Amino acid sequence: MKSRVNKKAIPLIATTLLATTAFTTQSFVTDGSDKKAEAQGLSEEESKKNTPSWLAGDHHIHSEWSVGWDNSTNPPTPIKGGDAIYPTVKNAENAKKYGLDWMVTTDHGGPNHSKVNLEQAYPELLKSRQAVPEVLQFYGMEFDTPAADHSSLIIPKGDNESQTLYDIESKFNKRDPYPNDGSRDTESKMIEALNYMKQMDEPPIHIAHHPSRSATGDGVWGQDTPEEFRNWNDTAPNISIGMEGAPGHQAAAINPDGTLDPKGSRGSYGNINAPTMGGFDQMTAKVGGLWDSMLGEGRHWWITSTSDSHVNWRDGGSDFWPGEYSKTYVKAEKNYDDIMESLRNGNVFVTTGDLISELDVKVQSGGKSPWFSKSKGNSATIGETLELPGKKSKDVTVTIRIKDPKAANSNGDKPQVKRIDLIMGEVTGKAEDRSSASNPTTKVVKRFTEKDWKQKGEYIEISYKLKDVQKDSYIRLRGTNTDQLEPVNDPKGENPWKDLWFYSNPVFIKSSK
């Protein structure tokens, strides 16, 4: 989050076991469902509603109801467009233009902002849903998290969604009371908030924003800490599900005329000692770092990628339009309930610059798995858990299928995937040190280049065997259009279109030993 006034200055959960047939609901695009849809004469939009597919979205978008404040009045008066400047419908129109299937309006708070959301922002969302029905538009907010930085609240769509958000914001948002109430800004209040949400018939989703933007160095955390993430996830594992892997404000170095500002910092991570790395937060980008520490506990802790749109770079801001640069892809049928469920389950990958548009992974034991054949053994995909049969160690086959689109992205480029990394780490149980931000078992086990994969049109296909898997573990994928073996610290003034990455969420492997 930032003010429009100054563009550059911003201030072991048990894993679910799979039945052998579970993967069929997450099958690759070559399973015949597309042909079946075509045979039935369904449009692309109708097909999305009936068949799980990769749906692009953004859960961190601000409208003009992310207000400024006139502090000369008592209480302060909201100033429409005081921080973010666009109507909700304009955000939705651009989300559609740049290829999004779903989005979340996340206006942030202040004194009595719960009433602004309820009485002004929500009616505008209803109008936007009617004006742009092609984009599923969730109601939510950028929560002023007690004792921490900001976070998304995504409210399940329903008749009571506006009241649901009002109840949470008015009771727990740390900036909502006037006069200020210091007791709101405590971790115990955040735990109370999560326990309150847990009691709801349809609980929301909570995702931490720009988690190390306030860090002052490598692993020197600011407002968000590993302890808080663990406490949140322990309290409400089905609500507090992850963090932004790639924050918004990625256009902070782009001037309105398209030239680069040498002082602009990607993500508005202004501290030169704690910048983004390939556009991703250090908590995600460092192999064996904080994210891997969480996954090494077996936690379902997922990453996403967002725009944090306030003011577009063409209008002098630091932001891309929703979908213009960052996309969070969810494997789901195109309806509100299924998207929420898939987000909770972590069947998600993220990408910048439209480097890829599909990423299917099958992890399987008990036999080879040609693309068109029926699975002969247990299998799992992104966000799921593979249970290895028997007591002996097993070979595990990882099959990957990625779409590297030939179409130009929003910058007019046609970036190509140069390398794909298979990353693996052990799951060793809950960390004794809840401040831990490392998993020394995590490493890149294989780097794939063009010579290692089969190219079929726009699709890249890879099959790789992990030999003699004996321990509880997880795998995840990462890829880039650069020659960097590891993402490096982003310098000020970097062109974000030249440094693109994608990341998958993990697949867990459960040993029977």
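Numbering of residues begins at 1 and proceeds along the displayed sequence. All of these numbers come straight from a predicted model, not from anything done at the bench.
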Among residues at least two apart in sequence or on other chains, which ones pass salt bridge (charged side-chain N to carboxylate O under 4.0 Å, His left out) with E202?
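None.
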Applying salt bridge (charged side-chain N to carboxylate O under 4.0 Å, His left out), can you list everything that pairs with E45, at least two apart in sequence or on another chain?
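Per chain and number, E45 pairs via salt bridge (charged side-chain N to carboxylate O under 4.0 Å, His left out) with K334.
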Distance check, rounded to the nearest 0.5 Å: [X] atom [atom1] versus [Y] atom [atom2]?
X: M243; Y: S212; atom1: CE; atom2: OG; result: 8.5 Å
X: Y98; Y: W321; atom1: OH; atom2: CH2; result: 8.0 Å
X: L55; Y: K49; atom1: CG; atom2: NZ; result: 12.0 Å
X: S162; Y: L126; atom1: OG; atom2: CG; result: 7.5 Å
X: H206; Y: S151; atom1: NE2; atom2: OG; result: 3.0 Å
X: M197; Y: N195; atom1: CE; atom2: CG; result: 10.0 Å

Is it true that [Y] and [X] share a donor-acceptor pair across their side chains at a distance under 3.5 Å?
X: S293; Y: N439; result: no
X: E161; Y: Y122; result: yes
X: Y474; Y: T442; result: yes
X: S53; Y: T51; result: no
X: N91; Y: E93; result: no
X: R230; Y: T235; result: no
X: D472; Y: S511; result: no
X: D319; Y: N312; result: no
X: S473; Y: E426; result: no
X: T397; Y: Q364; result: no
X: D413; Y: N411; result: yes
X: S326; Y: T306; result: no
X: E333; Y: N50; result: no
X: W102; Y: Q137; result: no
X: N345; Y: S342; result: no

Give a yes or no on whether Q163 atom CD has more than 12 heavy-atom contacts from other residues, nucleotides or ligands under 6.0 Å away.
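Buried by this count: over 12 neighbours within 6.0 Å.
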If you draw the axis of the six-membered ring of Y459, does the NZ or CZ of R401 fall within 45° of it and under 6.0 Å from the ring centre?
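Yes, cation above the ring, under 6.0 Å and within 45°.
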Member of K362, K454, K456 meeting the salt bridge (Lys or Arg N to Asp or Glu O under 4.0 Å) criterion with E461
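Considering K362, K454, K456, a salt bridge (Lys or Arg N to Asp or Glu O under 4.0 Å) with E461 is found only for K456.
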Is there a donor-acceptor pair closer than 3.5 Å between any side-chain N or O of [X] and the backbone N or O of [Y]?
X: D308; Y: G248; value: no
X: D395; Y: D468; value: yes
X: S152; Y: I154; value: no
X: N233; Y: S240; value: yes
X: N94; Y: K90; value: yes
X: R476; Y: I423; value: no

Can you name the closest pair of heavy atoms from [X] and [Y] and give their distance?
X: P506; Y: L295; answer: CG-CD2, 3.7 Å
X: P247; Y: G279; answer: CD-O, 3.5 Å
X: R478; Y: V287; answer: NH1-CG2, 3.4 Å
X: G298; Y: F508; answer: CA-CE2, 4.0 Å

Can you list the steps and then say if L388 with N378 is a side chain to side chain contact (heavy atoms under 4.5 Å, CB included)?
CA-CA 7 Å; L388 298 179; N378 290 349; over 6 Å; no
Electrostatic pair [X]:[Y] at N-O distance under 4.0 angstrom:
X: D421; Y: K446; result: no
X: K510; Y: E384; result: no
X: K327; Y: D354; result: yes
X: K430; Y: D234; result: yes

Who pairs with [X] by side chain to side chain contact (heavy atoms under 4.5 Å, CB included), at least two apart in sequence or on another chain?
X: I241; answer: I205, I207, W302
X: E458; answer: K403, P405, K406
X: D490; answer: R266, T276, E494, D499

Tell me, please, which residues at least two apart from S504 pass side chain to side chain donor-acceptor pair (under 3.5 Å).
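S504 satisfies side chain to side chain donor-acceptor pair (under 3.5 Å) with no residue once adjacent residues are dropped.
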Test of ring centre spacing under 6.0 Å for [X] and [Y]:
X: F229; Y: W301; value: yes
X: F138; Y: Y336; value: yes
X: W313; Y: Y325; value: no
X: H310; Y: Y86; value: no
X: Y196; Y: F172; value: yes

Residue among I382, D360, T381, V348 satisfying side chain to side chain contact (heavy atoms under 4.5 Å, CB included) with K331
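Result for side chain to side chain contact (heavy atoms under 4.5 Å, CB included) with K331: D360.
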Could you point out which residue of D149, I168, T106 forms a side chain to side chain contact (heavy atoms under 4.5 Å, CB included) with F143?
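By the side chain to side chain contact (heavy atoms under 4.5 Å, CB included) criterion, F143 pairs with just one of D149, I168, T106: I168.
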Angle class for the H210/H60 ring planes (parallel below 30°, perpendicular above 60°, tilted otherwise)?
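Ring orientation, 0 to 90° scale: tilted.
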Pair T105-I61, side chain to side chain contact (heavy atoms under 4.5 Å, CB included): steps then yes or no
CA-CA 5 Å; T105 294; I61 301 168; 5.7 Å; no
Could you go through the side-chain hydrogen bond (donor to acceptor under 3.5 Å, both in side chains) check for T304 and E244 one step at a time?
CA-CA 5 Å; T304 59; E244 285 178 339; 5.5 Å; no
Q455 vs I460, side chain to side chain contact (heavy atoms under 4.5 Å, CB included): CA-CA, chis, key distance, verdict
CA-CA 5 Å; Q455 188 86 38; I460 292 169; 3.6 Å; yes
